[in-house]
> 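Sharing a structure below in structure tokens format, with a few things to ask.
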Amino acid sequence: MAGAPARELALELVGIDKRFGAVHANRAVDLSVAKGSIHGIVGENGAGKSTLMGIVYGYYAADAGTIRVDGSDVRIASSQDAIAAGIGMVHQHFMLVENFTVLENVLLGAEGGALLKKGEADARASLGKLMADYGLEVDLDAKIEALDVGTQQRVEILKALYRGARILILDEPTAVLTPQEADALFRLLDTWRSQGRTVILITHKLREILAATDRVTVMRQGAVVATRDTSATSQEELAELMVGRRVQLRVAKDAAVAGAEVLRGEGLRYVDARGVERLRGVSLDVRAGEIVGIAGVSGNGQSELLEALAGLLPLNGGEIFYKGEKLAPPGTAAASRAARLHGIAHVPEDRHRMGMVVGYSAAESTILGYHSDDELGFGPLLSNRAATARTTRLMGAYDVRPAAPALRSGNFSGGNQQKIVLGREIDRDPELLLIGQPTRGVDIGAIEFIHRRLVALRDAGKAILLVSCELDEILGLADRILVMFDGRIVGELARAAADERTLGLMMAGIEPAAAAQ
Amino acid sequence: MEDLVLQTVSLLASTVRLAVPLILCALAGLFAERSGVVDIGLEGKMLAGAFAAASVAFWLQSAWAGLAAAMLVSIAFALVHGFACITHRGNQVVAGMALNVLAVGLTAVLAFAWFQEGGKTPALADAARFRPLQLPFAAEIGAVPVIGTIYVRLLSGHNALVYLTAALVPVVAFVVFRTRFGLRLRAVGENPHAVDTAGISVARLRYEAMLASGALCGIAGAYLSTAQSAAFLREMTAGKGFLALAALIFGKWMPIPTLFACLIFAFADALQGRLQGVELPGIGEVPVQALQALPYLLTLLLLAGFVGKANAPRASGIPYSKEK
């Protein structure tokens, strides 16, 4: 991967500054992106990457600073201006109208006239050529909601191409892709670069930065801390630059000593409100002293499985056994309470929706679900003092910063919120921990801490079921790995037998025997 | 036989007359809600329009001047709604309800102050109203049995606003599904972020939709006070705006199905008018109040039982801000 020659700049940012109220999201950011290169931007959540790209794409207006495209100053006041300047963006959350066809989505904003008929015909012709040129085949008449996320992303890229983008910004493009799909995307970006176009890649996956980019800029707390030639840096250096201190990327652990079966699910089935079968007969077991990881691309039934096991989701079939005894059917308040009483702890995937109440104080979020404990009050009365005391203790043990029990839960950073939830659940000394996306939106320093805690819990002989869309996390923590695709478990691998390629193929629905070929 | 045809035709003709304000309001609501603004203020805009039409038609002795005034006043109401919930991201339902209350009070007060007739406007002369029009050859075709009755009594003999409404339905369908504006309108009610990132102003698009909504409600109001009646009466809309909203939901925010939903509601209304004072076999005479409740009961039944899953525009009711 040769670096492009020292040359013209496609995009140049000078002194970009942006505040949202009290938050200083971008501090005098300078950035130079060479024409015909792939430029990576890394940084933790809240480092200001997305805000910066939002400014370039005209989504936000900068408070100060200059944007230059191809050497000349441009004023970007709206996305319209950005598109006119040849900038395209693929957002992390796709900007597609779900009940529109692919063609309608591409046309939106580039209709080519007051009536659609002519524009539609023109678009069909030029899209057909674009799709053939770049290998981006999509059925133009398919509705977006019927397409899988990988295809939806292709639609987003087509949209940018159709508008004649010369600079393409991709925000966390691989979050929803299997490793093979990600590889295909990077091959496409390679083709782009060879045509003299420019790519800006925002990601938190350092491996991708090293594999795909020419140069990389690291952001921390709204400012650029370093820019490196990719060939002259390493994952460790980038991680250290992002966090501001040395971090260990992988937690050391011994082999698991699996004990008695703690959790067993048999033939679990779930059909959602729209009639889609989300779980199609899932069976699994988790034993004491082991971490079972569930891998898969987001949206293949893992979330539903976790919620059902936690007693939250009413199943349409199947049974759940805990230490050999059948649990009441999930989906009632009694079931989820019973789960807690039995020693089943649950750290949900979406902590804002299910893990805590962002408007609550940290102390209130800390006792959530355990508020009936005798220690916390008398009868219907709650003792704020007892809640604060428990929270102070947990904040110390789990390194929550700031250690302020009265602070609003939503005002903590993602990592500290997760430590509050994790502390609340692990503190009960559960026999079984169900945990989803433990490090989503969590900074690297906190990831290290959370991973260590999970391994320590395992070593204490507890059972852990881990659902994660991050393959690195599954590979780093799990002792056994189950892969889910389309509501089924495609197969199971022992950690030693698992590698990224095999898992990736299984995540695309290919049986393990075939995947291992 | 001819008597049965006559009965049926006149029932259908009154269905058409009663359906017109529902259809206009439902189309108005279609623009607003497709753009992402829940338009519970249809009733108020229509009422304000009715008052403006009757007043101006009286002063200027011109139905068309009344219509123009109705559209302007109703558009002004729609813009106030837009200012509250597009520019200032207020709650759309509360703002719409406030407009309804405002319209009830303001029209009554102004009617008292200007005309001193107990809250109504002076009766309009025929010249200041929309009068029935005869389609060509009515006399010749009218002689033919059945077909003649249908032509003269059902197709011919309505006022200009009825024919305008009939023409507007396909026009709205075309605008919504075949034009650039329609594409953007449908998109902004589903995912305004997609519209914004496509370089289109969400606020401007929603204001345009509110303009269309206001104009259509104004026509509906003018119809009530200068075509169907010959004066403005207090609260003469009588919940038709809400009925139109129900028809819009029943029609799943699509122009043609919404048209049929309006016709069903209007038919129920026409039927209850016919049944008043009539001895029904086995039941006897049904109290007027129970009959008058018929269209509304039908609304409840249809919305509860038959509409299936109504997929409202996904962003409807949510003020747009760039942060999710």
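Below, chain A is the first sequence line, B the second, and so on; all start at residue 1. Fair warning: this is a prediction, and the values are worked out from it, not measured in the lab. All heavy atoms count here, side chains included; hydrogens, waters and symmetry mates do not.
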> Are Glu156(A) and Lys159(A) within salt-bridge range, i.e. N to O under 4.0 Å?
yes

> Examine whether an atom of Glu111(A) lies under 4.5 Å from a heavy atom of chain B, and if so say whether it belongs to the side chain, the backbone or both; otherwise answer neither.
side chain

> Pick from Asp81(A), Leu96(A), Leu107(A): which one has the most heavy-atom pairs with chain B under 4.5 Å?
Leu96(A)

> Return the option, out of Thr197(B), Thr179(B), Ile200(B), with the maximum number of heavy-atom pairs under 4.5 Å with chain A.
Thr197(B)

> Side chain, backbone, both or neither: which part of Arg184(B) has a heavy atom under 4.5 Å from chain A?
both

> Which atoms form the tightest heavy-atom contact between Leu263(B) and Ala19(B), and what is the distance?
CD2-CB, 3.7 Å

> Which atoms of Arg314(B) come close to chain A, meaning under 4.5 Å heavy atom to heavy atom: side chain ones, backbone ones, both, or neither?
side chain

> Measure the CD1-CG distance between Ile202(A) and Asp171(A) for me, rounded to the nearest 0.5 Å.
4.0 Å

> Aromatic rings Phe20(A) and Tyr60(A): how do their planes relate, parallel, tilted or perpendicular, breaks at 30° and 60°?
perpendicular

> Could you look at Phe177(B) and say if it's the side chain, the backbone, both or neither that has a heavy atom under 4.5 Å from chain A?
backbone

> Quick check against the 3.5 Å criterion: does Glu33(B) have a side-chain atom that pairs as donor or acceptor with the backbone of Pro313(B)?
no

